[in-house]
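Here's the structure we're looking at; comments come further down.
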Amino acid sequence: MLDPKFLRNEIQETAARLATRGFKLDVARLEELETRRKDLQTATQELQNERNAKSKNIGQAKARGEDIKPLLDSVADLGDKLDAAKSELQVLLNEIDSIALAIPNLPADDVPSGASEDDNVEVLKWGEPKSFDFEPKDHVDLGESLANGLDFAMGTKLSGARFTVMRGKIARMNRALSQFMLDQHTEEHGYTETYVPYLVNNESLQGTGQLPKFAEDLFHTQPLTGQSDNLDEQDARKLSLIPTAEVPLTNFARDVIYDESELPVKLTAHTPCFRSEAGSYGRDTRGLIRQHQFDKVELVQIVKPENSAQALEELTGHAETILQKLELPYRKVVLCTGDMGFGATKTYDLEVWLPAQNTYREISSCSSMGDFQSRRMQARYRAKGAKKPDLVHTLNGSGLAVGRTLVAVLENYQNEDGSITVPAALVPYMGGITKIG
RNA sequence: GGAGAGGUGGCAGAGUUCGGUCGAAUGCACCUGACUUGAAAUCAGGCGAAGGGUUAAACCUUCCGGGGGUUCGAAUCCCUCCCUCUCCGCCA
């Protein structure tokens, strides 16, 4: 959520900045709503003031033992007028609120402007794509032929499309990867390991920005009632599967006022992620690339505003370290204004080299959300000597997506006979074996 | 699953009997000042959040777990939901 002041006082500038990411702000509509809000709010508050003052008089008169009948008569119709004003104001506020909740974040100044992923800017390339003296197979062929290590048919039988069963050494490697990543981040990068719920409530989802706008991307334990943009009382108790550990981890900060000395908070967790992938029916239907369920090691930082830009560089570096230690070639791109996620001010994508596709594919996305999530969550900190608490900044990134890392290892470390060399960094996590198959 | 207790400011904790100068005693923490070479201790003062308003203030409104109700007026009374704690049962 943006600072309401942007929508009140700097709406033209705000609209212009939002336009760079392809979002059209209905300025005329908002201005009209704002004008009415101001009038109505003032009028309502005046009525409340009048009521409070008169009620106070009644109390005092009663204490003195005077006749309060005339006073009661004088407030007779006040209640109805107040109720009417209040409900009219509430309708208006709800409308403004639902508009505000659907406005994406403002891009940071140093984000390249552009309309689509074609306008993303490559920052660096790391490692050389290995040249094979045979035709490299893709991870599906490799995984299926390795003792049925990847069993897509079984996943479909049990659950449906985009679910997969892993067996034997492939399953072990999937586990090894997440263990390796967690150890790196906790032992080398200073993150606190956490274990979190995989089911979260709607407040948490609204805090990080998945709701109200992206309900269809998630799996819900119960269908949401209605299409309302605002959470009603019943919906607030329904749980949804997390699409990323960003949701529970970032919501640690919800309704918290940190002491300055507690920041930054750095959290990591290994969790499954569940995505309905609505709207992606035709894309990446083969293999592990796009699944309804996959594992991810997530990095989250809660920082002081002045540190968030630097923190994004560091957090992205932490994710890069994993790729470097696994010796997987990758490139780093900064997303353009048009390709960024809803709540991001700036995002780096890390894309790993996949030989079978002869291209780089996203394996991590690291973003600074500025105060966008903090404002929704009321996540604040108190600076030493400051009168009022300030909103913190939040960042998150994948470090890394485990399923896609498995794909990358299988494809990049394949040998001509279909076996897979275990990356050196992973050998200790694989019980010492150096080759699969 | 059964029985009971409770949710109040950053934290702890009064107030709820008998609704009215209660946005809320007190303590801790924090901020400012005095004392001190400095610090500690002590003393004095200040100190919840959100919104509106102002050059800045003043000032106004809302908030005592969420929602609803009664009333001129609700932290306080009623309904409902959520959460926490204790005891019993059950379970990994």
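Order of the sequence lines sets the chain letters (A, B, ...), proteins ahead of strands, with each chain counted from 1.
Among the nucleotides B/C72, B/G53, B/G10, the one closest to the side chain of A/R382 is B/G10. Comparing B/U61, B/A50, B/G20 against the side chain of A/Q48 picks out B/U61 as the nearest.
In this structure, A/Q45 atom CD and B/U62 atom C1' are separated by 8 Å, rounded to whole Å. We find that NZ of A/K69 is positioned 11 Å from P of B/C72, with the value rounded to whole Å. Residue A/L40 contributes atom CG, which lies 16 Å from atom C1' of B/U62 at whole-angstrom precision. Put simply, OH on A/Y381 is 17 Å from C1' on B/A49, counting in whole angstrom units. As rounded to whole Å, 8 Å separates atom P of B/G53 from atom CD of A/Q41. Residue A/Q60 contributes atom CD, which lies 19 Å from atom P of B/C72 at whole-angstrom precision. Between the CZ atom of A/R376 and the P atom of B/A50 there is a distance of 19 Å, rounded to whole Å. Atom CD in A/Q378 sits roughly 17 Å away from atom P in B/G48 (whole-Å rounding).
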I'd like to know whether A/V300 forms a side-chain contact (heavy atoms from CB on, under 4.5 Å) with A/L395, so could you lay out the CA-CA distance, the side-chain angles of the two residues, the decisive distance to 0.1 Å, and finally the verdict. CA-CA 6 Å; A/V300 160; A/L395 303 98; over 6 Å; no
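Comparing the P positions of B/A24 and B/C18 gives a spacing of 25 Å, expressed to the nearest Å. Going from the P atom of B/C85 to that of B/U8 covers 14 Å, rounded to whole Å. Remark: the separation of the P atoms in B/G33 and B/G38 is 13 Å, to the nearest Å. Nucleotides B/G65 and B/A75 are separated by 10 Å at their P atoms, to the nearest Å. Comparing B/C88 with B/A40, their P atoms sit 48 Å apart, to the nearest whole Å. B/A34 and B/G27 have their P atoms separated by 24 Å, with the value rounded to a whole Å. Rounded to the nearest Å, the gap between the P atom of B/U26 and that of B/C43 is 15 Å. Taking atom C1' in both B/G23 and B/G15, one finds a spacing of 13 Å when rounded to whole Å.
At a threshold of 4.0 Å, the pair A/R275-A/E277 does not count as salt-bridged, since none of the basic side-chain nitrogens sits closer than that to a carboxylate oxygen. Classification of A/E320 and A/K332 as a salt-bridged pair holds, one side-chain N sitting under 4.0 Å from a carboxylate O. Taking 4.0 Å as the cut-off between side-chain N and carboxylate O, A/D110 and A/K346 count as a salt-bridged pair. For the pair A/R286 and A/D141, the salt-bridge criterion is met [side-chain N within less than 4.0 Å of a carboxylate O].
Toward the 5' end of RNA chain B, the nearer of the two residues A/I257 and A/K388, judged by each one's closest nucleotide, is A/I257. Of the two residues contacting RNA chain B, namely A/R380 and A/N49, the nearest-nucleotide position lying further toward the 5' end is that of A/R380.
Across every strand in view, B/C64 sits unpaired, with no contact that passes the Watson-Crick or G-U test at under 3.5 angstrom. If you check B/G23 for Watson-Crick or wobble pairing at under 3.5 angstrom, you find it has no partner at all. The partner of B/C87, taking Watson-Crick or G-U wobble pairs whose two distances both stay under 3.5 Å, is B/G2. Pair assignment for B/A74 gives none, since no Watson-Crick or G-U wobble pairing has each distance under 3.5 Å. Under the Watson-Crick or G-U wobble criterion, with both distances below 3.5 Å, B/A44 is paired with B/U32.
Note on A/P389: only backbone sugar-phosphate atoms sit closer than 4.0 angstrom, heavy atoms only; bases stay farther off. Nucleic acid contact class of A/N52 (heavy atoms, under 4.0 Å, all strands): sugar-phosphate only. Within the 4.0 angstrom heavy-atom criterion, no nucleotide atom of any strand lies near A/R375. Base engagement by A/L72 is indicated by at least one non-hydrogen atom pair under 4.0 Å involving a base atom.
Taking the six-membered ring for Trp, A/F372 and A/H393 have ring centres at least 6.0 Å apart.
Side-chain contact check for A/S368 versus A/S308: some heavy-atom pair is nearer than 4.5 Å.
Between B/G53 and A/K38, a contact under 4.0 Å exists linking OP1 or OP2 to a side-chain N or O. Residue A/R51 places no side-chain N or O under 4.0 Å from the OP1 or OP2 atom of B/C60.
Counting atom types as modelled, A/K62 pairs a side-chain N or O with a base atom of B/G20 as donor and acceptor under 3.5 Å.
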